[in-house]
Amino acid sequence: MTEPLDPSAAPAGHNADHGLLALYRSLVLIRCSEERLSAMFADGEVPGFIHLSIGQEAVSVGVMAALTAQDTIASTHRGHGHAIAKGLSLDGFFAELLARDTGLCRGRGGSMHVADMSVGMLGANGIVGAGLSIALGSALAHRTQKSGAVAVAFFGDGALAEGLVHECLNMAALWRLPMLFVCENNGWGEFLPTSKQLSFALKDLAAAYRIPHVLVDGNDVAAVAEAAARIVPEVRADGPRIIECMTTRVRGHFEGDAQKYRDADDLAALSERDPLRITATQLVRAGIAEDALASITEEVKARIHAAVEAARAAPGPGFEAALADVYTAAPAGMEAR
Amino acid sequence: MTEPLDPSAAPAGHNADHGLLALYRSLVLIRCSEERLSAMFADGEVPGFIHLSIGQEAVSVGVMAALTAQDTIASTHRGHGHAIAKGLSLDGFFAELLARDTGLCRGRGGSMHVADMSVGMLGANGIVGAGLSIALGSALAHRTQKSGAVAVAFFGDGALAEGLVHECLNMAALWRLPMLFVCENNGWGEFLPTSKQLSFALKDLAAAYRIPHVLVDGNDVAAVAEAAARIVPEVRADGPRIIECMTTRVRGHFEGDAQKYRDADDLAALSERDPLRITATQLVRAGIAEDALASITEEVKARIHAAVEAARAAPGPGFEAALADVYTAAPAGMEAR
Amino acid sequence: MPELRYLKAINLALADAMAADPSVILIGEDVSEAGGAFGASRGLRERFGAERIVDTPISEAAIAGAAVGAALSGLRPVVEIMFMDFTTLVMDAMVNQAAKARFMFGGQSSVPMVLRTPHGGGLGAGPQHSQCLEAWFAHVPGLKVVCPSDPASAYGLLRAAIADPDPVVFVENKALYAMKAEVPAELPIIPLGQAATLREGRDVSIIAYGAAVHTALAAASQLAGEGVEAEILDLRSIQPWDEQAVLRSLAKTHRLVVVHEAVEAFGVGAEIVARMADIGFDELDGPIVRVGAPFMPVPFSKGLETAYLPSAERVVQAVRRTLA
Amino acid sequence: MPELRYLKAINLALADAMAADPSVILIGEDVSEAGGAFGASRGLRERFGAERIVDTPISEAAIAGAAVGAALSGLRPVVEIMFMDFTTLVMDAMVNQAAKARFMFGGQSSVPMVLRTPHGGGLGAGPQHSQCLEAWFAHVPGLKVVCPSDPASAYGLLRAAIADPDPVVFVENKALYAMKAEVPAELPIIPLGQAATLREGRDVSIIAYGAAVHTALAAASQLAGEGVEAEILDLRSIQPWDEQAVLRSLAKTHRLVVVHEAVEAFGVGAEIVARMADIGFDELDGPIVRVGAPFMPVPFSKGLETAYLPSAERVVQAVRRTLA
Ligand SMILES: Cc1ncc(C[n+]2csc(CCOP(=O)(O)OP(=O)(O)O)c2C)c(N)n1
Ligand SMILES: Cc1ncc(C[n+]2csc(CCOP(=O)(O)OP(=O)(O)O)c2C)c(N)n1
Ligand SMILES: [Mg+2]
Ligand SMILES: [Mg+2]
């Protein structure tokens, strides 16, 4: 908790220091990145549909702190936090959201499809629930290859209504795959509370599938990291687990959503559960100077600034290159196309 | 239990006498119909894929005894029992299986698609799990129309792995629809025991969805009928319920399946759980003469014989009529086609 | 003449259909309290009640399957699937259940349901929120497929679709939702299966539907400047489509270009061309040219997406090619 | 030359691919203990172990989705979907995930998976167990689609499909499973995307794939008796398809007939015709005629089904029509 700040440290994740300050840095990185995106979206500089994870960052950071580079994750439409915490290239991230050729997806995917295979981030996903089956298959591959890696599926509470999720719970349990289910329960699926969408609690479903389930405060990164550190080794050794993170969707369903359908007091109260605030308070209580936290924010912002400027300077994607990537080049001698 | 046998009585079902003898008659009707089909299939007279419900008849008969003509059912690939018990035209049934123009589906559907809308039988179904969403929608219609009717979905234990089933459980519970889920748990999904397909028990899933669940001996028609008589009014008044019937698949997955993958002793033991035998024993114990039972079988066989002969004499379906039924005639003035 | 937006025309058609027939219900994700992800059902809950405008969980397969069951049980459900890309999740309900029930049950039943869904690009929504998949549904016997190009036809065709006894896939181009146009004070119901001639011309027939109709019209203006008079047919219905109208136009112009936003390969245009290369062969004086999207997913970047979407320029080139 | 059944050729290809590459796994309902619903994977569990031949629950969507995830993580999964009609349940995995992953992730990844599935009628299996839906997949950028017509090509194409870095939908006509034919002792791998000329002829080109190839061959024999020499091309791959081979044949015969078992309207044939009505227009001396199934679900009754399925007689009539 008192380690010196290393400005060159990678975001929490692979072999990173799991101390709270490192986690905090990662929270700040996600938050500042998304706030920057929000501003650029409002300015018309970021196109498409943007779903921010502001208020939910602690889930990504806490879980990823327990993973290695070999572990894989499958994400959702609200995937920026997962992607950044897993350690994807920040330059590639911003370049993608700005639709540049230097983007991780060369400007073809955008926010809903950011992916970085080099760090085991198998993609955000525009289809609610689809990531679970991708993680399921990745877990199957890990097991078949005896790699010792785990696969993690992130999904929202609204996704629990998709039949595919149940198919995956059943198969993961049946085959005892090294798969971690992480539910980000923010109480909403688009514009309707999930209490009006779901007749069940995940805890009870987990009991039916006999998959051990823990409920954590998804806005307390220390709590999430502690749970993940305990549970990921169980997944590696013994099979599927579920971590359900109670969390808060702050910015509405997508950028541009004024959330008129929400109770104003509820919205106002969200700041009390702000993951950054919670962790900052813990750090200050543990003796970290407020200045140290502020300087983390400054550094992070500088890093983001550099990424944004690099993205702005980068060329847009080329049509011919895109067309050439619909298929992989056929293996030598096969001339499949 | 001692009412006189009325040979002209409809199969148990709508407003029929629910006495055990009437139920027995219905069991015999299904059994003899399917045995006849089995023989005709072996002779090459019945084409296509045929999934017999021999050993499972008590589920159909017991549940249907609690339904009215307004109530609707959606069935499965193993749907002969459901169809016959719901009171569909026996002549139309055999004519359909023999692919005649006089068949309920005019020879276009066959075994996997027998339907009789006039008795609320919304169709067998070749797609595992699909019937549940059809029953869900039918229940929604009943509720919207305030008809007081219930919709019943029959499905096998193997179907529990289909995501659609879970979507339907959730929606039925969420909306408290007048929908009864009837699981025919015969321990098999095709050639694999469902213990190798499912990581959960339906009872536990039901608890998660907070849908009341009862487990009954699906081979004891009195037990099924008693449960259904108690539970169907609950469904009408209060919302979804699940009846799980433990039952036995005797003839293999489909006709022609020699069940070499099954334990010979297990197969041999099935006759002890034969629903007809169980009910016959109860009836005899209750004072019904064995002769009376035998004469039921004789009458039923005569009825089936008549249906088969009528079907054999009937013409095959016409191609032009089939083509004309791909769409409904457009409403007057609309000329949609 | 009053002006009407495309989205409002959909909204009006839903309202009028619900007022006319108490068996019409609307069902889908966020259709009720929120009035629809794009606002198509705004105000309907207040007017017709939550029993008839039903918010669902995120369960597309069950929603569509339930619509089939409800239609078999006396209702006329109108389902909204938020993006056509998500119809990947309702294929079984639409194809194996809705489309076949009437035929497969020997004509015992009809399945009067409508599945409304927006397709199309132009919003930077990326590969999983922009696809035009109508060709899939048009290939399925038992389904009808409609795709209106403007507010008046959106209203008139949706009314016809809801009144139709058979399952209809009703495709709305989301880039058209904001489009405003003059409409008659009394909006007529428009029969399914009939094309509309939007422009008369003697030199070439351009067949289009949905947003591509406007691309075709823009091309026609440009061509007129070059002395080429294009006849423009708005197909409106894709299944059934108005073969006779297309043939009549071809018999007049002897040249054919087919335009749509969907991927060209194995798209709707292929069928139209294939029919005309058979029954219209003797009328043809030049190659039949299609203009559709290239064989790639819909890209996110604005630059890529613009290059991807069929343009008036490409239609003009296609016309020049068949006239050459 | 040894004889081989079509089903056995599939089985051999699976075995040889698994022996050649330890990353190949087979996954599906009843593929392992039972050896496949039609027996395609018989004996493989014994040889390669249950870890590589995986029996699944009845969960098509998750099976296909898992194959995508496994393919992104280093395996080469071969999925079996028991009937093509059930691919209605895997559309999201195939279309929104498998097909797009490479493009949408900027070329970072390939998705080397194969989805094997039988289509076709003739078994009295009825409307939900007989459909030919390959046109859907051919319309999706990122997918490849293959449909072999005989044992040797079933072997060679399946080997190529499994070795291919992209997702392939591999369609087997179930009525061909029992077909026996002579094959070379060393079965070659056959590249995707290449048609085979099965019969040379000067009067008309008949293009077919799958079981319809045999219908076309039967028609050609009959036509030969009338003095008409038909050239028969087996397309083999549907996406990509061998446009140049078709164009070459057309340039020789100047008449074109396209035959498949799938519903004619909006089917695979439409694309082939549409291409030729464009790039091959100058070669055409008569209308292009398609022979496919009528616009109805596949009926159960033998009589109806026989009338439904494309026949040699209908191909002969089509040829006569284009020659008239
Ligand atoms: C299959 C599918 N259905 C619907 C949508 C539209 N949609 C996008 S996000 C969303 C809500 C998801 O809720 P949840 O899973 O709780 O995630 P959250 O947005 O709360 O993070 C919906 C309905 C979609 N993208 N995919
Ligand atoms: C969607 C789908 N997947 C697979 C099949 C093939 N299939 C037919 S019946 C069956 C087993 C069903 O098991 P269960 O639901 O327990 O019913 P049972 O046969 O035991 O009555 C399977 C896999 C199918 N018809 N539909
Ligand atoms: Mg949520
Ligand atoms: Mg079973």
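These numbers come from the heavy atoms of this one structure, side chains and all, not from hydrogens, waters or symmetry mates. Residue numbers begin at 1 in each chain, while the letters A, B, ... track the order of the sequences.
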(request) Heavy-atom distances under 4.5 Å only: say whether Ile50(A) touches chain C with side chain, backbone, both or neither. (result) neither
(request) Side chain from CB out, backbone as N, CA, C, O: work out which of these in Asn125(A) comes under 4.5 Å of a heavy atom of chain C, or both, or neither. (result) both
(request) Please state whether the side chain, the backbone, both or neither of Tyr308(C) comes within less than 4.5 Å of a heavy atom of chain A. (result) both
(request) Taking only Lys NZ, Arg NE, NH1 and NH2, and the carboxylate oxygens of Asp or Glu, determine whether Arg251(A) and Glu34(A) approach each other closer than 4.0 Å. (result) no
(request) Measure across Leu26(C) and Val78(C) and return the closest heavy-atom pair with its distance rounded to 0.1 Å. (result) CD1-O, 3.0 Å
(request) May I ask you to name which of Pro127(C), Ala37(C), Ala34(C), Pro297(C) has the most heavy-atom pairs under 4.5 Å with chain A? (result) Pro127(C)
(request) Heavy-atom pairs under 4.5 Å with chain A are the metric here; pick the option from Gly303(C), Ala307(C), Gly126(C) that has the most. (result) Ala307(C)
(request) Check each of Asp263(A), Leu270(A), Asp265(A) against Leu267(A) using the side-chain contact (heavy atoms from CB on, under 4.5 Å) test, and report the only one that passes. (result) Leu270(A)
(message) Under 4.5 Å from any heavy atom of chain C, what part of Tyr261(A) do you find: side chain, backbone, both or neither?
(response) neither
(request) Could you check which of Ser199(A), Gly129(A), Gly189(A), Gly109(A) has the highest count of heavy-atom pairs closer than 4.5 Å to chain C? (result) Gly109(A)
(request) Sort Lys260(A) into side chain, backbone, both or neither according to what part of it lies under 4.5 angstrom from a heavy atom of chain C. (result) neither
(request) Verify whether one side chain among Gln131(C) and Asp85(C) offers a donor that lies under 3.5 Å from an acceptor in the other. (result) yes
(message) One thing to verify: whether Glu305(C) and Lys302(C) come together as a salt bridge, which I'm taking to mean a side-chain N less than 4.0 angstrom from a carboxylate O.
(response) no
(request) Could you walk me through whether Lys203(A) and Glu244(A) pass salt bridge (charged side-chain N to carboxylate O under 4.0 Å, His left out), step by step? (result) CA-CA 8 Å; Lys203(A) 182 172 159 297; Glu244(A) 181 174 1; over 6 Å; no
